[in-house]
Structure formats: structure tokens, C-alpha cells
Amino acid sequence: MEPVGAKLLLLWAMCCGHTRAVGSRSYTQVIEVTNGGPWGDWAWPETCPDGFFTIGFSIKVEPPQGIPGDDTAMNGIRLHCSRGHKVESESGRWGAWSEPLWCPHGSFLVAFSLRVEAPKTLGDNTGANNVRFRCSDGKELEGPGLAWGDFGSWSEPCPKGICGLQTKIQRPRGLPDDTAMNDVRFFCCSS
């Protein structure tokens, strides 16, 4: 279940005015994609400090588990803000963090696309498997996630840059099929 505080904060942020806030950071837009996985709950939002934007990212990935293992694939996304700050929303428990991928000097992350495996009735579901970002200079960065599923359409671009995120995570269920990360949304800031 989604923490009540995070849910109320997001509801307030989405309804009240042109500029919205997560914590003390204001943002102007939320960018999303339409192919996110169906499982899990939205976790808390996190943003870079005021005046900072994301210049790179890392992902947490569990390698393939083989048969009869339970694959979760991508378990989290960590944003690297300018001046060394890092932010992440909730992450799954499995896997390890990749080395960061960076936009060229002077550019920021502005849009994203998510690789998601479509739900299966029987078998091992994984949810989100990888992410790619577009930098403000047009360069595309693809994470070292797994190849299951397909990349969906690109999100709308942020006018200035991405400054935060919120993940949708299925918490461990203790059953044979966990999916961990299923979806993500990002926040656009103007300053």
C-alpha cells in the first residue's frame, strides 16, 4: 500500500496550480509513459535540491535467475543530480547498482522510455526491465538492464530538465513471482 503522506503530497501537487511541489522543491510538469507494468504501489517522490537537475542515472538490476528462478530484472533507478547529489525513490531488494551513465557536459536528462515485459498469465513476470533517457543535447543513454519486453514510446520532454522521480514498486510477496519495479514518473523543474 502507498504511504499516506506520499499519496496526499502527490494528490496536492497534481491538483493545485501550475507550479507544484515535492517537499520544498517546486516542479512544473510530471512526465510519464503509457506502458508501465500493472503491479505494485507508487512510493514516495524524491527530487534534487533546488537549482539542480539530473545529469546521469544508474539502475539496479537483478541478473537472469534461470529456471526455476524468479526474475525481477530492474529493481530501481537512481538519478545523479549536478554537483554530486543522488536521489532515488523506493527500490526493490534484488540486484546491484550499475555504474552511472552521464549526459555530455552541460546537458541534462529531459525525456525517457521504459522497457516493460507484457504481463503473462502463466510464468515468470518481470515488470520493468530497462530505461533509456534523452539528454537536452539529443544524446540517448540506455541502461544496462535486461532485454525482456519492449521499449514503449518516449515521454514528453521536460522544457528545462528532469529534477526528480517516483517509482512504482511491487514489494516482496513471498510467493514464486515477484516483479519489483513496474513503472516510474519524473518531475520537470524550471529552476
Q: Please confirm whether the backbone N or O of W97 pairs with a side-chain atom of R78, one donor and one acceptor, at under 3.5 Å?
A: no

Q) Is the closest side-chain heavy-atom distance between E142 and R115 below 4.5 Å? A) yes

(Q) I'd like to know if the side chain of K60 and the backbone of G92 have a donor-acceptor N/O pair within less than 3.5 Å. (A) yes

Q) Hey, any chance V87 and F53 share a hydrophobic cluster, counting ILVMFWY side chains that come within less than 4.5 Å of each other, even indirectly? A) no

Q.
Under the criterion side chain to side chain contact (heavy atoms under 4.5 Å, CB included), I'd like the reasoning laid out for D150 against V116: C-alpha separation, chi angles, the key distance, then a yes or no.
A. CA-CA 6 Å; D150 298 300; V116 178; over 6 Å; no

**Q.** Reported OG-to-CE distance for the pair S98 and M74, which is rounded to 0.5 angstrom
**A.** 10.5 Å

Q. CG/L101 to NZ/K139 distance, rounded to the nearest 0.5 angstrom?
A. 8.5 Å

Q.
How close do W102 and G56 get, counting heavy atoms only, and between which atoms?
A. CE3-CA, 3.9 Å

Q | Output field: ring centroids F186/F133 closer than 6.0 Å | A | yes

Q) Between W42 and R185, is there a cation-pi geometry (under 6.0 Å to ring centre, at most 45° from the normal)? A) yes

Q | Heavy-atom check, side chain of C135 versus side chain of L109, under 4.5 Å | A | yes

Q | From CZ (F112) to CZ (R134), nearest 0.5 Å | A | 12.0 Å

Q | Note, L146 side chain near N130 side chain (heavy atom, < 4.5 Å) | A | no

Q) Closest approach of A43 and Q166, non-hydrogen atoms and distance? A) O-NE2, 2.6 Å

(Q) Check the SG atoms of C189 against those of C48: under 2.5 Å or not? (A) no

**Q.** Residue pair P119 / W39: nearest heavy atoms and the distance that separates them
**A.** CB-CH2, 3.5 Å

Q: Could you verify whether a donor N or O on one side chain and an acceptor N or O on the other, from S58 and H80, lie under 3.5 Å apart?
A: yes

Q) Above 12 or not: heavy atoms from other molecules or residues under 6.0 Å from CD of E140? A) yes

Q: For T47 and F187, work out which heavy atoms get closest and say how close.
A: CG2-CD1, 4.2 Å

Q. How far apart are the closest heavy atoms of A73 and N129, and which atoms are they?
A. CB-OD1, 2.9 Å

Q.
Regarding E90 and R171, does a basic nitrogen lie under 4.0 Å from an acidic carboxylate oxygen?
A. yes

**Q.** Atom pair CD/CG of E117 and N125 - distance to nearest 0.5 Å
**A.** 6.5 Å

Q. Has the side chain of N35 got a donor or acceptor atom that lies under 3.5 Å from a matching backbone atom of V33?
A. no

(Q) Starting from L141, can I reach L114 by hopping between I/L/V/M/F/W/Y residues whose side chains sit under 4.5 Å apart? (A) yes

Q. Is there a donor-acceptor contact under 3.5 Å from the side chain of D183 to the main chain of M181?
A. no

Q: Check whether any side-chain heavy atom of F108 sits under 4.5 Å from a side-chain heavy atom of I162, and report yes or no.
A: no

Q) Can you tell me how far the OG atom of S89 sits from the NZ atom of K168, to the nearest 0.5 Å? A) 13.0 Å

**Q.** Hydrophobic cluster identity match, V61 and F57, side-chain contacts under 4.5 Å
**A.** yes

Q. Is there a donor-acceptor pair closer than 3.5 Å between any side-chain N or O of N182 and the backbone N or O of A128?
A. no

Q. Quick one: do the Q170 and T179 side chains pair a donor with an acceptor below 3.5 Å?
A. yes

Q: Would you check, one step at a time, whether the test side chain to side chain contact (heavy atoms under 4.5 Å, CB included) holds for I169 with D41?
A: CA-CA 6 Å; I169 299 286; D41 298 301; over 6 Å; no

Q) Do the non-hydrogen side-chain atoms of N75 and E62 ever get within less than 4.5 Å of each other? A) yes

Q: Measure from the side-chain N and O atoms of E32 to the backbone N and O of V30, and report whether any donor-acceptor pair falls under 3.5 Å.
A: no

Q: Mind listing the closest non-hydrogen atom pair of F52 and C81 along with its distance?
A: CB-CB, 4.4 Å

Q | Sub-4.5 Å side-chain heavy-atom contact between W148 and P64 | A | yes

Q | Inter-residue atom distance C103.SG - D137.CG, 0.5 Å rounding | A | 6.5 Å

Q) Hey, are the side chains of T126 and T72 touching, using non-hydrogen atoms and a 4.5 Å cut-off? A) no

Q: Give the C-alpha distance, both sets of side-chain angles, the deciding distance and a yes or no for side chain to side chain contact (heavy atoms under 4.5 Å, CB included) between Q29 and I31.
A: CA-CA 7 Å; Q29 182 180 347; I31 57 173; 3.7 Å; yes

Q. Is any side-chain heavy atom of Y27 less than 4.5 Å from a side-chain heavy atom of C188?
A. no

